[in-house]
Amino acid sequence: SRAVLLGDSARLERIWADDYRRTGTYHAIVISGIHLTVLAACFSVLFRFFGMTGLGSLAATAGLCWIYALMTGSGAPVIRSAAGLTLFLGAHLFYRRARIINILAAVAIGFLIFDPDQLFDPSFQLSFLSVALIGALAAPFLAATTDPYADGLRQLVNLRRDTQLEPRIAELRIE
């Protein structure tokens with residue numbers, strides 16, 4: 001469990017590590033950005049459940065994620081993810097739409113300023129390439145398919161909005 005939660009594979013028996021490698025699931029015990037993303041989502045939901053919103057919730061989520069990143073050994077992928085998450089939460093703090101490509105570019109530029117040789121590191125390249133693909137392909141797809149419904153489901157008690165929305169979205173609100 002320590003291996004999966006904190007990336008501590010020192011006490012992981014060699015046979016278990018070999019099994020993870022053979023089945024292609026070794027990445028499950030390597031802490032990466034996805035771990036931090038899931039953790040941040042859990043913190044956000046938990047804070048919202050307890051009525052904590054706004055600046056306090058954003059700051060607490062970012063702070064706890066940075067603590068987790070440091071607890072897991074401060075691996076480059078986790079630190080990059082924590083930096084991106086901080087920018088994402090900061091955009092929400094200033095009521096700005098957090099565009100994944102812009103955040104990705106800012107994090108990449110920031111890390112390359114401190115260490116330009118990272119550009120040739122496969123971990124750096126794979127991290128940014130995978131997130132760039134998500135940002136370039138998945139984000140516009142979701143914006144075109146699910147965002148209109150999510151926007152339409154806001155302020156359900158305001159019946160005047162029904163006439164201003166597309167018929168399929170107004171129908172969903174009524175149902």
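Excluded from the calculations below are hydrogen atoms, water molecules and symmetry mates; all remaining heavy atoms, backbone and side chain alike, are included.
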Say whether, by atom type as modelled, one donor and one acceptor occur between the side chain of S81 and the main chain of P77 under 3.5 angstrom. no

Backbone N/O of R154 and side chain of R173: donor-acceptor pair under 3.5 Å: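 Yes, because the side chain of R173 sits within donor-acceptor range (under 3.5 Å) of the backbone of R154.
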
Which atoms form the tightest heavy-atom contact between A143 and P148, and what is the distance?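 Residues A143 and P148, closest heavy atoms: O-CD, 3.4 Å.
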
Distance (rounded to the nearest 0.5 Å) between S57 OG and L89 CG: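 So the OG of S57 and the CG of L89 are separated by 8.0 Å.
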
To the nearest 0.5 Å, how far apart are CG in L172 and CG in L153?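 L172 atom CG to L153 atom CG measures 4.5 Å (nearest 0.5 Å).
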
Working to the nearest 0.5 Å, report the span between OG1 of T72 and CG of L36.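 Here the interatomic distance stands at 8.0 Å.
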
What's the spacing between L64 CG and F43 CZ if we round to 0.5 Å?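 Answer rounded to 0.5 Å: 4.5 Å.
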
Run the side chain to side chain contact (heavy atoms under 4.5 Å, CB included) check on I79 and F111 step by step: do they pass? CA-CA 10 Å; I79 296 298; F111 277 86; 3.7 Å; yes

For L119 versus L112, what's the shortest heavy-atom pair and its separation?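 Answer, listing the atom of L119 first, then L112: N-CD2, 3.6 Å.
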
State the OG-NE2 distance between S44 and H92, to the nearest 0.5 angstrom. 9.5 Å

Which pair of heavy atoms, one from I101 and one from A136, lies closest together, and at what distance?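 Closest approach of I101 to A136: CD1-N, 4.0 Å.
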
So do the side chains of F128 and V107 get within less than 4.5 Å of each other, counting heavy atoms only? yes

Side chain of Q155, backbone of R161: donor and acceptor closer than 3.5 Å? no

Within this structure, what is the CG-CD1 distance for the pair L137 and I134, rounded to the nearest 0.5 Å? 9.5 Å

Nearest heavy-atom pair of I169 and L165: which atoms, and what distance?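 Heavy atoms of I169 and L165 come nearest at CG2-CD1, 4.0 Å.
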
Looking at S127 and F124, would you say the former's side chain and the latter's main chain have a donor-acceptor pair under 3.5 Å? no

What do the steps show when you test V78 against H35 for side chain to side chain contact (heavy atoms under 4.5 Å, CB included), and what is the final call? CA-CA 8 Å; V78 181; H35 290 84; over 6 Å; no

Would you check, one step at a time, whether the test side chain to side chain contact (heavy atoms under 4.5 Å, CB included) holds for L85 with W66? CA-CA 9 Å; L85 175 73; W66 275 103; over 6 Å; no

Residue R168 excluded, over 12 heavy atoms near CZ under 6.0 Å: yes

Would you name the heavy atoms of P140 and G135 that are closest together and state the gap between them? CD-O, 3.3 Å

Do I100 and F88 pass the side chain to side chain contact (heavy atoms under 4.5 Å, CB included) test, and can you show the C-alpha distance, the side-chain angles, and the key distance before you say yes or no? CA-CA 8 Å; I100 193 166; F88 178 81; over 6 Å; no

Let's go through D147 and R97 carefully: what are the C-alpha distance in whole Å and the side-chain angles of both, what is the deciding distance for salt bridge (charged side-chain N to carboxylate O under 4.0 Å, His left out) to 0.1 Å, and is it a yes or a no? CA-CA 13 Å; D147 283 358; R97 185 168 182 190; 3.7 Å; yes

Applying the 4.5 Å side-chain criterion to the ILVMFWY set and letting contacts propagate, would F94 and L87 be lumped into a single cluster? yes

Partners meeting salt bridge (charged side-chain N to carboxylate O under 4.0 Å, His left out) with R96 (sequence neighbours left out): none

